[in-house]
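Chain naming here is simple, since letters A, B, ... match the order of the sequence lines and numbering starts at 1 in each. FYI, side chains are in, hydrogens and waters are out, and symmetry mates aren't considered; it's all heavy atoms of this structure.
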Number of protein chains: 2
Amino acid sequence: MTTTPQDLEAVAARAAAAAEPCAATTPVARARALVAVADAIADSSDELVEIAAAETGLTEVRLRGERARTTVQLRLFADVVLDGGYLDARIDVADDDFVLGRRPDVRRYLAPVGPVVNFAASNFPFAFSVAGGDTASALAAGCPVIVKGHSGHPLLSRRTAEIVAEALAGAGMPDGMFQLVTGQQEGIAILKDPRVMAGSFTGSIAAGRLLADVAAARPEPIPFFGELGSVNPVFVTQGALDERADEIAAGFVASVSGSAGQLCTKPGFVFVPSGHGLEPAIAAAAASVASHRLLNPRIAAAYSARRSEIVHAPGVRVVAEGIVRIDDDGQGWVTPTIVVVGAETLVAERDRLLDECFGPLSILVEYAAGTDLAGLVPMLFQGNLTATVHRGAAEEPAVLRDLVRVLAEHAGRVLFDGWPTGVAVTPAMQHGGPWPATTNDSSTSVGTAAIARFLRPVAYQGAPQALLPEPLRDANPWGVPQSIAGAGESIRWGASVS
Amino acid sequence: MTTTPQDLEAVAARAAAAAEPCAATTPVARARALVAVADAIADSSDELVEIAAAETGLTEVRLRGERARTTVQLRLFADVVLDGGYLDARIDVADDDFVLGRRPDVRRYLAPVGPVVNFAASNFPFAFSVAGGDTASALAAGCPVIVKGHSGHPLLSRRTAEIVAEALAGAGMPDGMFQLVTGQQEGIAILKDPRVMAGSFTGSIAAGRLLADVAAARPEPIPFFGELGSVNPVFVTQGALDERADEIAAGFVASVSGSAGQLCTKPGFVFVPSGHGLEPAIAAAAASVASHRLLNPRIAAAYSARRSEIVHAPGVRVVAEGIVRIDDDGQGWVTPTIVVVGAETLVAERDRLLDECFGPLSILVEYAAGTDLAGLVPMLFQGNLTATVHRGAAEEPAVLRDLVRVLAEHAGRVLFDGWPTGVAVTPAMQHGGPWPATTNDSSTSVGTAAIARFLRPVAYQGAPQALLPEPLRDANPWGVPQSIAGAGESIRWGASVS
């Protein structure tokens with residue numbers, strides 16, 4: 001069931017009407033509302049997990065974990081709202097002696113952008129869907145949210161939306177603060193609506209690019225935060241291998257096979273020294289992974305085709321064959337496929353091998369001792385969400401400096417001695433990266449910094465206290481951090497050495 | 001003289017090669033380099049102002065002030081670099097007891113994006129040109145800068161570029177940190193170059209839109225920060241008029257006629273209560289303004305045509321006719337033109353009257369007592385850089401609450417009892433606003449926050465201290481502010497009420 005054009009007009013009108021009341025909610029009221037949503041989802045956990053399992057094929061353990069993460073996210077954003085640091089409140093005290101002549105009283109903070117449309121993902125039916133991180137951060141920012149539900153879990157989307165809307169209403173939030181629409185064309189139509197001020201998305205490069213282009217081509221372009229594709233390269237040094245080969249083999253297979261490899265941070269390429277000897281351990285670990293359903297028949301068909309392409313590419317050898325069984329409903333059942341290729345072959349066959357394979361397949365890449373890994377990265381990879389280094393504790397860090405620098409240029413998160421799947425939701429987390437990891441590398445879609453996507457700066461000059469937003473008033477009724485530039489301190493170092 | 005295709009390839013290659021060395025410069029070295037550029041420009045002030053006056057027609061007083069602002073900006077950014085708060089360094093201490101299971105050590109800061117192309121403006125040959133705010137903030141961020149010089153002041157551009165490049169080299173900055181290109185097609189070609197990672201622009205809506213579309217349509221889209229058009233509405237209350245009619249008339253004419261009205265913050269519409277009686281004072285003030293040359297023949301022709309259109313529109317009455325004289329070189333010489341129209345007429349004729357008129361023309365708009373000004377704003381205005389309210393000191397602020405709220409939704413800066421021209425360069429300044437004021441409302445192009453345009457977040461997870469960027473190390477060798485999330489404090493309020 002999709003939204004009708006008439007509905008879309010009503011949805012956009014309700015969201016627009018909710019913008020001012022949402023922005024006007026106090027931090028305490030908004031935080032309470034986020035907690036109320038978290039509580040309501042937690043209270044319905046059994047019901048929601050059951051629907052999600054049937055619709056997505058994800059395991060109950062995984063879905064319970066994801067449900068918990070989703071409610072924790074909402075609670076974290078309640079803290080963010082109450083803390084108020086995200087408002088970046090700045091106050092320039094008027095200064096008659098400013099170096100360029102009288103400086104007025106100017107105060108600046110970040111205000112909500114207005115209605116946001118959030119395109120839900122298929123692979124995180126809780127954490128990147130109706131009540132996921134994009135919704136939590138936009139609600140926390142004070143924006144009305146329109147979720148375009150994913151067709152892969154329609155019942156879960158509808159039920160979650162009911163719970164969210166009811167919890168917000170119960171917490172006294174404005175009518176129209178949260179709405180759900182469905183349908184691809186409907187999503188595009190809402191993104192084009194002049195009343196919508198920003199978009200967010202998690203999904204494929206093709207769909208993300210299409211939507212980013214729609215947002216950029218509007219008569220009034222709007223920011224669009226898409227999280228698209230990533231192959232998450234991993235580099236294992238000889239020192240790491242010498243120290244903990246078995247642990248690396250086991251960790252690798254677990255990271256590739258978790259959620260049937262349907263994670264944006266799945267390690268797609270793992271560079272290992274030639275003569276690594278990991279194959280038996282990897283094959284054994286892969287053979288012990290239980291068959292897992294893929295999210296939907298479309299993903300099953302795409303995985304099956306992409307897997308065949310990779311397995312049959314020149315120079316590719318199979319370490320763990322894995323299975324892909326398509327059942328009578330078109331659903332795919334899989335176990336991990338691990339292949340190996342030489343680094344030179346990967347370079348030669350990059351057009352065939354480098355595109356993301358969404359599912360439990362990963363490519364070991366063997367490199368000869370002395371290979372310039374830092375030099376290899378720009379030849380192979382565009383932007384990624386993550387890049388990983390496994391090193392030996394006894395190795396001199398300096399030998400990795402060039403590699404780490406190049407990886408930081410190509411990824412939003414560089415991690416050491418771990419696996420990129422399992423993204424912590426914390427203040428310092430960065431889930432983003434250069435194109436095509438995201439459409440907008442200045443932002444994150446995981447962690448508390450994600451709220452910044454839905455804010456815009458507004459300054460007030462010479463305003464009477466009563467007409468200032470609360471975060472900018474001298475009395476600071478919300479108790480937010482205020483960064484104050486006092487009179488007479490306008491230029492410090494820059495003046496003293498001139 | 002324009003850059004050849006061969007040059008462009010070399011320019012992009014040099015900028016790309018400079019990215020890593022620029023990013024690696026220490027705060028002290030980078031700050032010293034910014035101060036060295038400021039000093040060098042100050043030392044050449046007489047020479048530069050003379051060239052600028054001949055090329056732009058702007059007065060010496062204005063140009064000396066703008067030159068001073070330009071060097072102050074560079075010094076302010078030296079302070080920003082040294083302070084290090086712009087890096088937004090965040091450290092999540094590893095936490096075994098995190099609510100979702102073990103939280104790793106994650107550290108995040110903002111890194112330079114890489115090569116930036118900055119399209120210079122015609123109307124600020126110093127402050128928004130070769131060594132202007134975009135260049136200062138990008139250099140401060142640690143990015144190589146390519147300036148696309150404006151054709152309106154080619155000699156000044158070239159001479160300033162020499163001074164900047166020499167000062168940077170003298171301060172030990174990397175080769176390729178700063179380069180100048182010229183030519184419209186060359187600018188577009190550089191913006192398309194895959195080695196360029198961000199663009200900035202100040203100019204017309206048409207040119208800004210074209211460039212924004214180029215940036216968005218690249219195979220790898222990049223952020224583009226354009227500051228385009230604004231008509232900067234001003235609202236004068238009866239109380240303000242009763243208190244200081246003469247001051248308002250004089251301030252208005254000064255703000256409209258300064259720099260011959262060729263400022264992006266020129267007040268284009270001034271709403272006054274019917275029966276205001278300001279006309280004689282405005283006419284007298286306008287008559288006393290000396291004739292001023294417009295920037296170039298193209299602007300002269302455009303202003304002349306747009307002025308005619310407005311002066312002859314139905315319902316428009318002339319208060320101060322002003323002059324437009326085109327000399328034998330095609331240069332335009334002008335004095336201010338002020339017209340008046342009723343608010344209802346403005347609404348009826350909005351398609352004809354509302355577009356920006358770049359030059360010393362402004363429209364008084366008479367409104368009847370009791371008019372819903374807050375309701376009028378969305379009927380008339382898109383996004384603006386500024387919106388202004390003149391109120392009486394004795395007036396109850398609450399009566400303006402709706403108007404101020406609506407203005408904050410339509411502008412980046414709302415100011416009181418002043419005029420929008422003359423933008424302070426300070427931490428809290430916001431120079432931006434919803435489309436078409438800018439292509440990207442999340443940023444500012446004036447003030448120290450402008451540095452954020454040229455940064456991208458990168459996180460490090462579980463990294464050895466020696467492989468962390470300096471701002472994220474425990475030892476904090478650069479002494480930057482670090483925001484630390486300790487163990488055991490992951491959720492506070494959001495947990496306590498659940």
Working to the nearest 0.5 Å, report the span between CZ of R90(B) and CE of M429(A).
->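 It comes to 12.0 Å.
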Got a second to check how far D92(B)'s CG is from T448(A)'s OG1, nearest 0.5 Å?
->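 Reported to 0.5 Å precision, the distance equals 8.0 Å.
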With sequence neighbours excluded, tell me which residues meet side chain to side chain contact (heavy atoms under 4.5 Å, CB included) with P434(B).
->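 Residues passing side chain to side chain contact (heavy atoms under 4.5 Å, CB included) with P434(B): R456(A), D441(B).
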May I ask you to name which of [options] has the most heavy-atom pairs under 4.5 Å with chain A?
{"options": "V425(B), I91(B), T426(B), T388(B)", "value": "T426(B)"}
{"options": "V458(B), L74(B), V113(B)", "value": "V458(B)"}
{"options": "A449(B), P469(B), G85(B)", "value": "A449(B)"}

Pick one of side chain, backbone, both or neither for [X], based on which atoms fall under 4.5 Å of a heavy atom in chain A.
{"X": "R107(B)", "answer": "backbone"}
{"X": "R391(B)", "answer": "side chain"}
{"X": "P219(B)", "answer": "backbone"}

With a 4.5 angstrom heavy-atom cut-off, is it the side chain or the backbone of [X] that approaches chain B, or both, or neither?
{"X": "R102(A)", "value": "neither"}
{"X": "P427(A)", "value": "both"}
{"X": "A424(A)", "value": "side chain"}
{"X": "P457(A)", "value": "both"}

Within a strict 4.5 Å, meaning less than it, do heavy atoms of the R75(B) and V99(A) side chains meet?
->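 They are not in side-chain contact.
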Validation row: T444(A), R108(B) side chains within 4.5 angstrom (heavy atoms) |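 They are in contact (side-chain heavy atoms under 4.5 Å apart), so the answer is yes.
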Could you pull out every donor-acceptor pair under 3.5 Å between side chains of residues 396-408 of chain B and any protein atom, sequence neighbours left out?
| residue | atom | partner | partner atom | Å |
| --- | --- | --- | --- | --- |
| R401(B) | NH2 | A466(A) | O | 3.2 |
| R405(B) | NH1 | E409(B) | OE2 | 3.3 |

side-chain hydrogen bond (donor to acceptor under 3.5 Å, both in side chains) partners of residues 212-221 of chain B, not counting sequence neighbours, each pair once |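 As it turns out, the side-chain hydrogen bond (donor to acceptor under 3.5 Å, both in side chains) pairs with a partner in residues 212-221 of chain B, which skip direct neighbours, are Q382(A)-E220(B), R209(B)-D213(B).
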Contacts with chain A made by residues 410-419 of chain B (heavy-atom distance under 4.5 Å), listed by residue number =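 Under the 4.5 Å heavy-atom cut-off, A411(B), G412(B), R413(B), V414(B), L415(B), F416(B) qualify.
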